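Since we're looking at a predicted model, the values are computed, not measured. Residue indices begin at 1 and follow the sequence shown.
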Amino acid sequence: MRAIKERSFLFLAMGFLACTVPPAWCAPRTETLPALPYPEHGGGTLRLVAAASGGTLDPQINYTGQYINLFANVYDGLTTFRKTTGPAGKDVVPDLAEALPTPQDGGLTYTFTLRPNTYFSNGQPVTTADVVASFQRLFRIGAPTAGSFYGAIAGADACLRTPAHCTLKKGIEADPASRRITFHLARPDAEFLQKLAFTHAVILPASAPDHDTGNTPLPGTGPYRLEAYDPNNFLTLTRNPAFRVWSADAQPAGYPDRIEYTFGVPEEAAVTAVENGQYDWMADAIPLDRLGELGSRFAGQTHVMRHPSLYFLPMNMHEAPFTDIRVRQAVNYALNRKALVILYGGPGIARPLCGLIPSALDVEGQKCAYTRGATPADPAQQWAGPDMQAARQLVRESGTAGQKVTLVVASTSAEMAMGAWVRDMLQSLGYQAVLRPLSSSLHLAYIQNTDNHVQIALTSWSADYPSPSNFLDALFGCENFHPHSDSSINIPGFCDAHTQSVMDRAKTDVSLTTQQRNQLWLEANRLIMEQAAVAPAIEKNNVVLTSSRVQNFFYTEVNQLLFSQVWLH
C-alpha cells in the first residue's frame, strides 16, 4: 500500500483568514501535516458495513455506539480518553485543552487553556467562543446527557427548564486573549473530566444551529471529516485537510485515506462479505449460527474483546401492566438468563447478569434479588436460575393476567431471537404478548419517547466511560427522564428520591475513595433492583470480525476498534 507523504496546505488560499479573534491566529502560514509513525501502512479505503445506519449525524444528540465510536475519529473535546490499547485506554488526557486542570474551590472550578492553532475541517480556527457555544448548544438542543453529565455546571438547572434561553453565564467564563475557559460547578462532580471526554461534549463551531442537524454533518477537528451521507445507503469519511497532530495520545493521525460505510446489508450477508474481504468490519452482532465457523475457519480475523456492556428489559413504570411492581418483579423472576446467553452466542461471549453493573467494571459485591431461593430482602450471591412459581404467583396477585403486552426489539437476528424467547415467557406468565421489531436505526429513539407508549423493550447498553454511573445514574437518574422526547434514556421513567441521593453522593463527594464510591453504586443498584424498574439479562463481550487485510487491530477501552489506526494490506 502506498505510503502517506507529508502534505502542505496553504491556509490563506483556503480562506482561513476569515477569523478576527485572536488576530495572531489569522496570520497567513503554511501548515504541514506530520508523517505517520509507520508511513508504509498508510492509505487505502476502510470499508464498514451495517444492516442500518445509526441515525442523526449530530454528535451532541446521537447516542448509538455505532456512531459514537465513529465520531471519535472526527471530533474532539477539551479532554478525551487515551487512544491506546489495554488498561491505559481508560485514562483521561488533554485534547483540545493544553493540560488537565487541578480542580479548585473544593472541586467547583476547572480552568482549561485552549490549544492554539487548531482548526475545524471548514478552515475556521477553534476559539473559546466555540467552546462556550458548544456547551450552550448541549442544553438548547436537549442532548441526552445534558442533565446527567453536565447538570453540575452552574446555571444548568435553568438551561434544563428553559433550553431555548440557555446561556450558562454563571457556569462558563471565556478569556479569548489567554485562551482560557473556566467552568464553575454548582456542586462537585468526581467524574467531570471523564464527562468532558464523552462525545456529547465535543467542540463545534459557534455557528452550529440550535437543532438536530440530522443528515447534515458538522465540522470537526479530528483526522477525518464526514463528507456525504445517505442514511439508507452510505456514509463517507475523508481526510480532514486542516488536521494536524497536537497529541498522539489524544488524536493520532489516521492511516486510511477514506472510510466508507455501507448500509442495508443484513448480518448474515455482512458476515460472508467480511470473511471474503468485500468489507473490512461489520457493526452488527454476529448471528448465532455463524459463530462456529468464525472460530474454526476465521480465527485470525475474529477478536473477542471485554467491554462493559449488557442487555436488559426496561419496563415502563407508567404503562400498564408494568405500573405494578409485582409484574416487574415477576418478569425478573421468570427471565431465564441462561437461555438468552445461548441465544446470543454462548458462555464464551456472554454471561447471565442479575444486576446493573457488568463485571468488566471490576466492582465486587453485586447480588441477585431475583433467582431461585432469593428475594430483594434476602438476595443470592449469584443467579441460579428462573423461579416461574414465584413469577406466576406475583402475576396472580397483581390481577393483570390476560392483558396485552407488546415487546419492542431491534430487528437484528440476535435480538429477534432473544425477543421471541421473552415474548414466549410473557405468554407463559398469562399475558397476550406480541413481538414488535423495529429497524436498529430507529429502535433506541422510539423506546425512549413516552408518546409511543412502549410497555417493555429489549435493548443493550455500553459504558460511555468506565464507571458504574454509566449504568445507574445514566439509565435511572431523575434528570434523564424527559417525557415526549427521543432523548429520554431513563426508559422506565424511574425516579426515586432516596436512590437519587445515593447516586448524587457517589457523583459529588470528592473525598470518597474508589472503594467507598463503589459501595454507594452497589447500594444504588440494590435500590433500583428492589423496585425492579428493569430486568437485567446478560452481559456480553464484543465479537469483532475483520477482513484479512485489516492489520494493527487497535481496540481501545472506550472507543473499541479505533478506525483511524487500522492498517490495510
Side-chain angles (χ1 to χ4, degrees), residues 1 4 36-38 40-54 64-74 83-86 89 223-224 234-237 252-307 309 344-346 348-350 412-414 440 462 540-569:
M1 196 62 64
I4 299 297
L36 294 167
Y38 302 96
E40 67 274 18
H41 296 299
T45 298
L46 179 65
R47 300 165 303 201
L48 316 178
V49 65
S53 62
T64 66
Q66 182 177 349
Y67 279 3
I68 285 175
N69 294 333
L70 189 72
F71 291 159
N73 307 273
V74 179
K83 302 297 194 300
T84 189
T85 59
Y224 297 93
F234 67 86
L235 173 61
T236 303
L237 287 76
Y255 285 93
D257 281 339
R258 291 169 62 88
I259 301 174
E260 294 181 352
Y261 219 141
T262 300
F263 307 123
V265 180
E267 304 102 303
E268 289 281 354
V271 171
T272 302
V274 176
E275 289 174 345
N276 294 337
Q278 295 167 278
Y279 295 103
D280 300 308
W281 174 87
M282 61 180 288
D284 300 296
I286 309 294
L288 175 62
D289 64 337
R290 305 299 295 274
L291 290 172
E293 73 188 64
L294 297 188
S296 61
R297 297 174 50 207
F298 299 94
Q301 298 170 223
T302 306
H303 315 266
V304 179
M305 309 303 296
R306 194 170 184 238
H307 187 70
S309 185
Y344 186 75
I349 61 174
T412 66
S413 59
S440 56
S462 297
K540 59 190 179 75
N541 293 336
N542 284 346
V543 181
V544 185
L545 175 66
T546 58
S547 72
S548 59
R549 74 184 192 123
V550 168
Q551 306 296 315
N552 196 41
F553 183 81
F554 201 97
Y555 192 93
T556 72
E557 289 279 340
V558 175
N559 298 120
Q560 302 178 54
L561 181 61
L562 189 62
F563 301 125
S564 70
Q565 298 307 289
V566 166
W567 301 345
L568 300 170
H569 290 273

Does [X] reach the main-chain N or O of [Y] with its side chain, forming a donor-acceptor pair under 3.5 Å?
X: Glu268; Y: Ile286; answer: no
X: Asn559; Y: Lys83; answer: no
X: Asp284; Y: Ala51; answer: yes
X: Arg47; Y: Gly277; answer: yes
X: Tyr224; Y: Leu70; answer: no
X: Gln560; Y: Met305; answer: no

- Message: Please identify which of these residues, Gln551, Arg549, His41, meets the side chain to side chain donor-acceptor pair (under 3.5 Å) condition with His569.
- Response: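 Output: one option passes, namely His41.
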
Nearest 0.5 Å, please: how far is [atom2] in [Y] from [atom1] in [X]?
X: Thr546; Y: Phe553; atom1: OG1; atom2: CZ; value: 6.5 Å
X: Phe563; Y: Tyr261; atom1: CZ; atom2: OH; value: 6.0 Å
X: Met282; Y: Thr262; atom1: CE; atom2: OG1; value: 13.0 Å
X: Asp289; Y: Glu267; atom1: CG; atom2: CD; value: 10.0 Å
X: Tyr38; Y: Asn552; atom1: OH; atom2: CG; value: 8.5 Å
X: Leu562; Y: Thr85; atom1: CG; atom2: OG1; value: 10.5 Å

Over all heavy atoms of both residues, which pair between [X] and [Y] is shortest? Give the atoms and the distance, please.
X: Ala50; Y: Gln66; answer: CB-NE2, 3.5 Å
X: Pro223; Y: Asn73; answer: CD-O, 3.2 Å
X: Val49; Y: Ala270; answer: CG1-CB, 4.0 Å
X: Ser462; Y: His307; answer: CB-NE2, 3.8 Å
X: Val558; Y: Asn69; answer: O-OD1, 4.0 Å
X: Asp280; Y: Ser547; answer: OD1-OG, 2.7 Å

- Message: As a quick check of understanding, evaluate side chain to side chain contact (heavy atoms under 4.5 Å, CB included) for Leu568 and Val550, giving each step before the final call.
- Response: CA-CA 5 Å; Leu568 300 170; Val550 168; 4.2 Å; yes

- Pair Ser564-Phe554, side chain to side chain contact (heavy atoms under 4.5 Å, CB included): steps then yes or no: CA-CA 9 Å; Ser564 70; Phe554 201 97; over 6 Å; no

- Task: Before giving the answer on side chain to side chain contact (heavy atoms under 4.5 Å, CB included), spell out for Ile349 and Lys540 the whole-Å C-alpha distance, their side-chain angles and the decisive distance to 0.1 Å.
- Result: CA-CA 6 Å; Ile349 61 174; Lys540 59 190 179 75; over 6 Å; no

- Message: Hydrogens and angles aside, do Tyr555 and Asn542 bring a side-chain donor and acceptor to less than 3.5 Å of each other?
- Response: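 Yes, because at least one side-chain N or O of Tyr555 sits under 3.5 Å from a partner of the opposite role on Asn542.
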
- Residues Arg290 and Glu275 bridged, charged N to O under 4.0 Å: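 Yes.
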
- Task: Identify the residue among Leu237, Thr236, Leu46 that makes a side-chain contact (heavy atoms from CB on, under 4.5 Å) with Arg258.
- Result: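 Option passing the side-chain contact (heavy atoms from CB on, under 4.5 Å) with Arg258: Thr236.
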
- Among all residues two or more places apart in sequence or in another chain, which pass the side chain to side chain contact (heavy atoms under 4.5 Å, CB included) test with Asn541?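 Asn541 satisfies side chain to side chain contact (heavy atoms under 4.5 Å, CB included) with Val304, Arg306, Arg351 only.
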
